J.: 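My questions will all concern the structure given below.
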Amino acid sequence: MDILRIVTLAIVQGITEFLPISSSGHLVVMEAWFEKEAVIFSDLTELTIALHTGTLLAVILVYWRSLVELLNQKRSSLMPLVVATIPAAIAGVLVILLDGGKYLMDPRLTGVMFIVTGFVLWMGEPQQTDTENTDQIQTVSIRQAAWIGLAQTLAIVPGLSRSGLTIVTARRMGLTGREAARFSFLMSVPVIAGAAMVLLIKRFAGSEEVSTANMVPWSLLFTGVVVSAVVGYFALRCLLFVLEKGRFHWFTFWCIPLGVVLLVYSINR
């Protein structure tokens, strides 16, 4: 796996993690494009975690004030985030234990899920634009958090956009676009951080699950983290602007055609 490919995947991850077009789905598309190189699934898993770590840094850069508030004045707002995180954490553990990740990477499944995401985004068009530009934490009820958390769990399937599903769900439950985006990305912090910790433990413990010969070099992983962090920062700012303008549904016109192309390509190859 060379540096050009790492940078390409990192750029794709940085853009698609925040825009509602499924970052994991686009990684499947990229892997289909590079199929001649026969990437081992364990390598993709490591790289995927590294690229998500980069976009986690982007979330921290954009929402650092909100994170500081959560750890100080707004500790009561931590409970909704915990509730929203639990379903995805359980689903992630089950996928790992049942070795279901490789089945979720099927490009045919991803193509169908891109189409589903497109319809969800179309139905979830905000009814009003945001009038306030604030980074302060707003109140999210436990009930709202539970539904948003369930939406995040569905997005474990590549092609289903995590940001798209969670923001649409939050909007349908009364949150503004900015509030929905903030909650969506803040609740991703512990999940991504946990996955990054697992990756580090496996590396330093010399896990037998990934042989040394198949490991992505640290230098390439670090490059992926940096590139996805920088690109992700600007993509997140772009998303907030789109939400304020009430143009969230525009991404439908990317997801559905991409899903159709990927589905046709996967069936006919």
Side-chain angles (χ1 to χ4, degrees), residues 1 3-27 30 43-72 74 77-78 81-82 84-85 88-89 92 133-137 148 152 155-156 158 161-167 178-204 215-243:
M1 186 175 294
I3 190 168
L4 176 60
R5 187 176 181 195
I6 294 289
V7 170
T8 301
L9 291 172
I11 292 174
V12 172
Q13 167 66 22
I15 294 174
T16 59
E17 174 65 16
F18 301 112
L19 302 184
I21 52 179
S22 180
S23 60
S24 58
H26 277 75
L27 288 178
M30 295 299 292
D43 288 350
L44 180 59
T45 300
E46 280 199 331
L47 181 57
T48 299
I49 294 174
L51 299 183
H52 276 82
T53 301
T55 48
L56 171 61
L57 296 177
V59 171
I60 294 173
L61 286 173
V62 173
Y63 290 116
W64 68 269
R65 289 189 180 87
S66 295
L67 290 169
V68 170
E69 285 186 12
L70 282 172
L71 298 176
N72 293 286
K74 299 286 186 176
S77 297
L78 282 172
L81 286 171
V82 171
T85 301
N133 185 358
T134 175
D135 285 330
Q136 295 188 358
I137 295 292
I148 298 170
Q152 177 174 240
I156 197 170
S161 168
R162 195 199 70 84
S163 63
L165 266 62
T166 54
I167 290 174
R178 185 166 286 271
E179 291 170 352
R182 181 188 299 111
F183 190 84
S184 171
F185 296 123
L186 287 180
M187 75 177 181
S188 73
V189 170
V191 175
I192 299 175
M197 287 300 297
V198 170
L199 171 60
L200 289 174
I201 291 172
K202 283 185 176 181
R203 276 301 184 100
F204 286 114
M215 283 185 176
V216 180
W218 280 110
S219 59
L220 293 182
L221 288 178
F222 179 75
T223 299
V225 169
V226 172
V227 173
S228 63
V230 173
V231 176
Y233 175 84
F234 290 103
L236 180 49
R237 289 296 186 187
C238 175
L239 175 68
L240 295 177
F241 176 79
V242 169
L243 283 169

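Owing to the predicted nature of the structure, the values given are computational and were not obtained by experimental measurement. All values below come from the heavy atoms of this structure, side chains included, with hydrogens, waters and symmetry mates left out.
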J.: Closest heavy-atom contact between A229 and A58?
T.: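 Reported closest heavy-atom pair: O-CB, 3.6 Å.
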
J.: To the nearest 0.5 angstrom, please state how far the CD atom of Q13 sits from the OG1 atom of T53.
T.: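 The CD atom of Q13 sits 9.5 Å away from the OG1 atom of T53.
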
J.: Going by heavy atoms in the side chains, are L239 and I167 under 4.5 Å from each other?
T.: yes

J.: Run the side-chain contact (heavy atoms from CB on, under 4.5 Å) test against I11 and tell me which residues pass, sequence neighbours left out.
T.: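 Counting only residues at least two positions away or on another chain, I11 forms a side-chain contact (heavy atoms from CB on, under 4.5 Å) with V7, I15, V227, V231.
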
J.: When rounded to the nearest 0.5 angstrom, what is the spacing between NE2 in H52 and OG in S188?
T.: 8.5 Å

J.: So which atom in M187 and which in T166 form the shortest heavy-atom distance, rounded to 0.1 Å?
T.: CE-CG2, 3.3 Å

J.: Set out, in order, the CA-CA distance, both residues' side-chain angles and the distance that settles side-chain contact (heavy atoms from CB on, under 4.5 Å) for L70 and L186, then state yes or no.
T.: CA-CA 10 Å; L70 282 172; L186 287 180; 4.1 Å; yes

J.: Under the ring pair (Phe, Tyr, Trp, His ring centres under 6.0 Å) rule, collect the residues that match up with F185, sequence neighbours excluded.
T.: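 F185: ring pair (Phe, Tyr, Trp, His ring centres under 6.0 Å) contacts with F18.
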
J.: Could you tell me whether the side chain of E17 reaches within less than 4.5 Å of the side chain of S228, counting heavy atoms only?
T.: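 With C-beta onward as the side chain, the pair stays apart.
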
J.: Go through the structure and list residues passing side-chain contact (heavy atoms from CB on, under 4.5 Å) with S24, not counting sequence neighbours.
T.: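 Per chain and number, S24 pairs via side-chain contact (heavy atoms from CB on, under 4.5 Å) with S22, P158.
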
J.: Say you draw a straight line from OH of Y63 to CG of L240; how long is it, rounded to the nearest 0.5 Å?
T.: 4.5 Å

J.: What closest approach, in Å, do T16 and S23 show between heavy atoms, and which atom pair accounts for it?
T.: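 Smallest heavy-atom distance, with atoms named: OG1-CA, 3.0 Å.
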
J.: Say you draw a straight line from OG1 of T223 to CG of L4; how long is it, rounded to the nearest 0.5 Å?
T.: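 That separation rounds to 12.0 Å.
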
J.: V225 and side chain to side chain contact (heavy atoms under 4.5 Å, CB included): which single residue from T55, L57, L51, I6 fits?
T.: L57

J.: Under the 3.5 angstrom rule, does the side chain of R162 hit a backbone N or O of S184 as a donor-acceptor pair?
T.: yes

J.: What pair of heavy atoms forms the shortest contact from S163 to P20, and how long is it?
T.: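 Reported closest heavy-atom pair: OG-CA, 3.4 Å.
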
